[in-house]
Structures are given as C-alpha cells and as structure tokens.
Amino acid sequence: MWNRTHARALFSTLIAVVALGAACAKKPAPQAQTPPPPPAAEPPARPTVNLQASPTFIQRGQSTTLTWSSTNATSLTLSPGIGAVAAEGKQTLSPTEATTYTITATGPGGSADASVRVSVTVPPPPAPSAHEPTLQELFDKEVKDAYFDYDKADIRADARDALSQTAQFLRSYPQMKVVVEGHCDERGSTEYNLALGDRRAAAAKQFLVSLGIPADRLETVSYGKERPFCSASNEACWQQNRRAHFVMGK
Amino acid sequence: MKNVRILYPCLSVFIFGLICVFSASPAAAQDWFRTGTGLGVSKARVAVADFAPKSPAAQPMAVEFSDVVRNDLDFSGILDLVSKSYNPLQTPASPAEVDFKAWSDGPASSQLLAFGSLSADGSSLEISAWLNDVRNSSLPPVIGKVYRGAATDAQVRAFAHQFADEIIGKLSGGLPGIAATQIAFVSNRTGNKEIWAMDYDGENQHPLTQIHTISLTPRWSPDATRIAFTCYAQPGSSSVLTAQICIYSTASNRLISWPRFQGTNSSPAWSPDGSQLMFMSSMYGNPELFITDTSGARPKRLTYSNGANTSPSFNPKTGQQVAFVSDRGGIPQLYTMNADGTSQSKIDLPDMGYVIDPAWSPNGQLLAFSWRRPSGNYDLYVMEIVTHQLVELTRDAGRNERPSWAPDGRHLVFESTRTGTRQIWSMLADGTSARQLTKQGQNESPNWSPK
C-alpha cells in the first residue's frame with residue numbers, strides 16, 4: 001500500500017517536468033532578414049574522369065590493365081601507390097591482393113574521382129590427393145597375430161578368428177610372401193622356448209594352409225624368448241609375447 | 001712325502017661325501033639343507049707366501065702371481081687356505097730361506113707352503129715356485145717348478161693358474177685342476193647376443209663372435225678347440241635368418257662352415273669322444289633331437305613325439321646316455337635315453353614344475369639341472385642318477401639356471417638374476433662359495449671348457 005502511494009507521487013512529478021520542457025522548446029527564435037544573392041559568373045566546367053580495369057578478376061600472379069580518361073582536368077592522381085598520371089593512359093599492374101584503384105582528376109572546376117576494384121584470388125593449394133594406404137599399412141591393419149596359452153602351441157578360438165582374417169587378407173594378395181615368427185614369454189629356458197616358438201609358428205602356418213594359403217608363401221622362424229614385444233614380468237606382458245607374429249616377406 | 005700321501009683321499013672323499021649326504025637323508029627331496037665338501041675329513045692347510053721379486057720392477061708381477069695362486073687355491077674347495085694376514089713376515093725366495101717353524105706354528109699353522117721368486121727383466125719372465133711340507137723340513141719339495149715366458153700380466157696369470165693346478169692335482173690325488181680352464185658364455189654387452197669367453201675366475205673377458213644377430217647356447221668340444229652354438233643364419237635361398245648350428249674354432253678364431261637345415265636348429269651337444277653332435281631341429285616339422293657326425297652330414301632323427309625335445313646332455317663318462325628336456329607330458333621335464341634314441345624315459349621328481357637345463361657331471365654320477373618347483377623360483381639341483389637323491393644348491397636368490405660342470409666335477413658355473421641382472425656365477429658343487437664372474441650387460445648360458 002505504501003509502495004503504490006509512493007509510485008503515484010513519483011509519476012506526477014515526471015509529468016510536470018516533461019510538460020515544462022515542452023513549453024521551453026516551443027519558445028520562438030528571432031528571425032534574421034537576408035538579401036537575395038547577386039547573379040553568379042559562368043563557373044569553370046567540372047572535371048570528369050573514367051577508370052576501368054580489365055580484367056577485374058585476376059589470380060595472384062596475373063596482371064590487369066587499368067585504363068583511364070578524363071576531361072577538364074589539370075592533374076590526375078592514381079592511387080594507391082602510383083601517383084600523377086597523364087590525362088589519358090593505361091597501366092598494367094599485378095596486385096597481389098584485392099585493390100580498389102582510385103583516380104582523382106582535379107581542374108579549375110573542382111575535382112572528380114573514379115574507382116575500380118580489382119579482385120585477386122589466391123590459387124588453392126594443390127588439393128591433397130585422397131590418401132592411398134600402402135601395402136604395408138594394409139598388412140598391418142588387416143593381418144592379425146595369433147596368441148597362445150602358456151607352454152602351448154594349440155590354436156585357441158581367438159587365434160582361429162585372427163588367423164581367418166589374416167588368411168582373407170593373404171588371399172587378396174596372392175603374390176605376397178609372409179614370415180611367421182614364433183615368440184614365447186620369458187619363462188622357461190632359451191632352448192625350450194626356441195622349440196616352443198617353432199611349434200607356435202608351425203601351428204599358425206598349418207592353420208593358414210588349412211584355410212587355403214599355399215605353404216610355399218609362408219616361412220617360419222622361431223625367436224623363442226629372444227625378441228619380446230613386452231618386457232615386464234606379468235601375465236599381461238607374457239600373453240603379448242606368446243604369439244605367432246606375421247611379417248610381410250621381402 | 002708321507003704326509004702329502006695322507007692327503008690324497010680328500011678329494012675322492014668329496015664325491016663320496018656328496019653321495020653320503022644323499023643316502024643319509026632319505027627325506028632330502030623335500031628339505032633344504034647344505035652339504036659340506038670332504039665331510040669328516042680335515043682339509044690340508046696351505047699357506048701361500050708372497051713371491052719374492054728379484055728386482056723392484058718385478059714387485060707388481062710378484063704380487064699378482066701370489067694373489068692369483070691364493071685365489072685359485074681358495075676357490076678349489078679342497079684345501080684350507082691360510083689367510084694372508086696370518087702369514088709370517090718373510091718372503092722366502094728358495095727352500096733354503098724358508099723358516100719352517102714360523103709357517104707351521106700358529107697363527108699360520110700351515111702344513112704346506114707355496115713360495116718362490118719372480119724375475120722380470122722387461123721382456124722375459126722367470127718364476128721359480130715350490131710347494132714344501134713345512135711340518136717336516138727334511139723332506140724334499142713336493143713341487144718345484146720353473147716357469148719362463150714373456151713378461152706380461154696375462155702370462156703371469158697363466159703361470160699362476162698352472163702352478164695352482166699343480167698344487168691342486170697333488171692334493172686331490174690326480175683330479176684335474178681347473179685354474180687354466182675357460183668359460184664360454186653369451187653376452188649382450190655389444191648390443192647383440194654374441195659368444196664370449198673368459199678365464200674360469202672371470203678375468204680376461206673377450207668376445208669370440210661378431211655375427212650381429214642372436215647367438216646362443218655355446219658348448220665346448222671335448223678337446224676345447226671348438227665351440228658349437230646356436231646362431232641365426234640364412235638357410236639356403238631363404239631371405240629369413242633362422243636358428244642354425246654354428247661352430248667356432250678357438251684354434252683359428254673363425255667360424256667353421258656347417259650345413260644349414262630347414263626349421264629351427266639349436267642346442268648342440270658334443271659326444272664325449274668329440275665325434276658326434278646332438279642337436280634340436282625342426283627340419284622335418286616338429287622340434288626333435290638329431291645326431292650327426294661333426295661334419296653335419298646326414299643327421300639321424302632320435303625322438304618322435306608330439307612335443308618339443310631339446311637341451312641334450314651326454315653322460316661324459318660313458319657317452320651312451322643322454323639327458324634331455326621334453327614337454328611331451330605337458331610341461332618341460334627331464335628325460336633320458338640311449339645315444340641311439342632307444343629307452344626314452346622320464347626322470348620322476350617329487351614335484352611337478354618346470355625342469356630344464358640338464359648337465360651331466362664329468363664322472364657320470366650326477367645330473368645338475370634347473371627346476372621351478374610349484375612353490376618357488378628356478379633353482380639349481382643336483383641329482384644322483386642311481387638313487388635319484390636330490391641336493392638343492394640355490395634358494396631365494398633370483399632365477400638360477402643353466403648349470404655347467406667344471407672338468408674337476410667339483411665346481412659349477414651357472415646364470416643367476418640374484419643381483420637384479422642376469423649374470424654368470426660359479427660355485428662349488430655343494431652350493432657354497434658362489435662367486436660372481438660377470439657384471440657388464442646381461443650374461444647367460446655359461447659352458448665350462450673340458451680342459
């Protein structure tokens with residue numbers, strides 16, 4: 001209730017102030033009496049100027065020709081960067097970026113100007129040709145290693161899938177030769193692991209042969225525990241090292 | 001002479017000592033215990049005097065000679081070396097200068113004294129060395145030797161090893177000393193695994209091969225003139241390097257050509273007469289054992305199994321039995337067979353677990369191997385072939401693998417990870433006196449030269 005009363009009072013005050021302001025603005029200014037102008041002499045002709053560019057679109061490195069003509073001008077200035085020019089003329093330029101050329105004609109009758117814009121397009125960099133994967137990249141992507149259980153050279157279910165995918169790839173490159181490397185984890189003797197790695201490589205090769213890959217495309221080598229993929233002493237690492245690894249033949 | 005003669009049984013008692021321990025401990029297979037050498041027999045107490053330099057310039061070589069002899073005698077395990085700090089303050093250059101009483105009384109309390117003199121005139125070296133019974137001054141020297149050669153440190157060490165071997169031979173009743181032997185091994189210290197060799201005490205480590213691939217499993221020929229090993233080489237027209245047998249001549253310091261076979265070929269072992277090599281090969285598919293003459297011609301297949309067969313070791317005494325590793329039963333275990341492949345049978349041990357690296361002792365009675373029992377790490381064991389009694393040689397000291405016997409049958413060299421890296425160690429065959437021989441890089445697969 002108190003608020004409403006207060007607001008109403010404020011509103012009344014505002015009305016009063018506005019009304020007072022309007023009254024002030026309407027107060028009439030005193031009028032000065034001016035004499036009519038004398039008749040003027042014939043004025044000098046105004047200069048005219050014309051500027052054209054041909055072509056107006058260039059690629060960076062190409063050139064364009066500016067052509068201009070003028071009347072009633074005593075001096076002509078072409079900008080940017082060129083300066084005084086004759087009343088008529090042409091000039092070949094190779095702007096490196098879009099430029100608006102302006103020619104200003106000045107004479108006794110005043111001045112005039114004309115402008116022309118030359119657009120410069122930057123040639124696109126040679127389009128990146130669509131990336132063609134190399135054979136090695138395809139090999140690395142498609143060929144899957146086969147992993148083995150501890151002390152075993154039997155083809156597990158997951159190895160079966162991996163080798164089937166490998167076989168599919170090898171079928172599409174019938175000329176390709178492949179080295180099948182047998183690897184083992186660090187447990188057991190050097191000698192025993194050389195033998196075990198040999199059995200793993202042979203088992204992987206045998207499986208590929210059973211899928212139709214000719215045996216003479218597949219060479220085996222055992223590295224035992226001599227070329228580990230992973231060097232920690234834990235099962236995750238050991239599993240990485242128990243495998244038949246494929247390398248594209250030379 | 002009489003006193004010395006009494007000492008002869010010491011060494012033969014060593015082997016008997018081991019066997020006595022085996023037979024006296026029927027529950028030995030499960031128990032951890034240590035054996036002693038020469039049990040119940042007091043060992044000869046030997047002092048080595050500092051050798052007398054004939055000139056001030058010869059002093060360093062005289063010190064080195066004395067130290068090497070002391071080290072060799074100490075490591076022999078067959079005698080009781082008098083601590084150098086107990087030595088009387090005299091350096092006798094000849095028998096006439098020996099103060100017998102000073103050496104036989106306490107604290108030295110020695111029975112025998114090695115002493116002598118060394119002269120080096122810049123280019124030539126002459127060492128006079130004696131071994132005397134100091135408890136009986138009327139006896140002639142047990143050993144009196146003169147060594148002459150080039151005045152180099154290597155020659156001083158070589159003569160010291162020879163003299164130590166003379167002493168050990170006398171005290172052991174004829175068993176060979178090993179101070180002049182060598183150990184072949186694999187080291188990666190150049191970046192690739194190559195075959196290296198060193199003196200039996202770890203001195204003079206040097207590479208033999210520079211093949212720059214992977215070289216493994218060196219084995220000395222019985223006459224110590226060649227080393228057969230596993231190398232990676234091209235078989236025939238293939239571009240792929242595969243495991244092959246290579247042979248290095250220590251006489252001509254070069255590789256001797258040997259046939260290449262299909263598949264993986266590794267782990268060569270010489271027959272004790274040096275006429276044949278047994279090795280693992282997958283030339284026909286599965287990794288099996290083959291035997292061939294030393295030319296490598298017409299290898300004959302010995303095993304037929306579904307598993308891997310490798311790591312052959314001949315009985316050096318008979319040449320007729322071979323121990324090897326096979327996983328035909330599921331995991332790697334020890335088997336024996338005749339050298340012609342007949343009579344293959346498994347060696348039954350009280351636990352399961354990996355059993356690898358068989359090494360037959362020179363006298364044919366003991367088999368050393370590495371065994372990872374279900375409860376433990378890879379540890380070295382010695383088994384008496386006849387009774388299957390076991391002695392555990394290592395425990396709680398990293399992985400211990402690849403034992404190889406010294407020709408005296410009383411020392412083993414092996415690889416151990418007990419320092420955190422894989423290194424070569426030697427010890428007495430009862431598991432005592434372990435010594436680290438290599439420190440640089442990773443070192444493995446030691447093989448003690450037969451002479």
Side-chain angles (χ1 to χ4, degrees), chain A residues 148-155 175-210 215-228 231-233 238 242 244-250, chain B residues 186 188 192-193 213-217 230 232 235 238-243 262-269 279-283 285-289 306-313 324-327 330-333 354-358 369-370 372 377-378 399 401-402 415 417 422 444-445:
Chain A
F148 292 86
D149 283 337
Y150 181 41
D151 276 347
K152 295 283 188 291
D154 306 317
I155 303 295
Q175 304 305 315
M176 184 187 287
K177 299 217 175 203
V178 172
V179 180
V180 190
E181 298 179 355
H183 295 272
C184 304
D185 69 36
E186 62 175 340
R187 295 171 292 176
S189 69
T190 300
E191 289 92 328
Y192 174 66
N193 281 315
L194 280 175
L196 183 61
D198 182 88
R199 295 189 68 217
R200 286 177 177 161
K205 173 178 174 173
Q206 195 55 46
F207 194 83
L208 291 176
V209 169
S210 76
D216 61 9
R217 292 177 56 193
L218 305 166
E219 276 193 277
T220 59
V221 57
S222 173
Y223 285 114
K225 59 176 178 177
E226 301 301 321
R227 295 263 170 96
S231 61
S233 292
W238 290 332
R242 296 193 301 266
H245 174 62
F246 296 98
V247 175
M248 206 161 74
K250 295 191 183 88
Chain B
V186 172
N188 73 349
N192 293 107
K193 286 190 177 178
T213 56
I214 309 170
S215 295
L216 304 165
T217 73
T230 307
Y232 275 74
S238 168
S239 62
V240 182
L241 302 186
T242 59
Q262 290 299 305
T264 300
N265 304 272
S266 72
S267 313
F279 63 105
M280 186 278 274
S281 175
S282 62
M283 66 177 82
N286 206 51
E288 307 283 358
L289 293 176
N306 280 325
N309 302 276
T310 188
S311 300
S313 172
F324 64 101
V325 170
S326 176
D327 67 356
I331 58 169
Q333 300 275 304
Y354 250 90
V355 194
I356 49 179
D357 305 330
F369 53 88
S370 179
R372 193 176 58 126
N377 209 335
Y378 293 86
R399 277 175 74 149
E401 296 169 81
R402 291 207 263 199
E415 65 180 55
T417 61
R422 195 173 293 271
E444 60 181 53
S445 205

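Computed over heavy atoms, backbone and side chain alike; hydrogens, waters and symmetry mates excluded. By convention in this document, chain letters (A, B, ...) are assigned in the order of the sequence lines, proteins followed by strands, and residues within each chain are numbered from 1. What you see is a predicted model; the values in this text were computed from it and never measured.
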With respect to chain A, which residue among [options] yields the maximal number of heavy-atom pairs within a distance under 4.5 Å?
options	answer
B:L216, B:T242, B:T230, B:N309	B:L216
B:G330, B:A243, B:S267	B:S267
B:G307, B:S326, B:G263	B:G307

Qualifying residue for side-chain contact (heavy atoms from CB on, under 4.5 Å) with B:S266, from A:L194, A:T190, A:N193: A:L194
Any side-chain heavy atom of [X] within less than 4.5 Å of one from [Y]?
X	Y	value
A:E191	B:M280	no
A:D151	B:D327	no
B:R402	A:S189	no

Geometric class of the B:Y232/A:Y223 ring pair [parallel <30°, tilted 30-60°, perpendicular >60°]: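 Parallel, since the angle between the ring planes stays under 30°.
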Minimum heavy-atom separation for [X] and [Y], please, with both atom names.
X	Y	value
A:D198	B:P287	OD2-CG, 3.8 Å
A:G188	B:Y378	N-OH, 2.8 Å
B:Y354	A:R187	OH-O, 4.0 Å
A:K225	B:R399	NZ-NH2, 3.8 Å

Part of B:Q262 lying under 4.5 Å from any heavy atom of chain A: neither
Side chain / backbone / both / neither for A:T220 at chain B, heavy atoms under 4.5 Å: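 Backbone only.
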Contact leader toward chain B among A:R199, A:E219, A:Q206, where contacts are heavy-atom pairs under 4.5 Å: A:R199
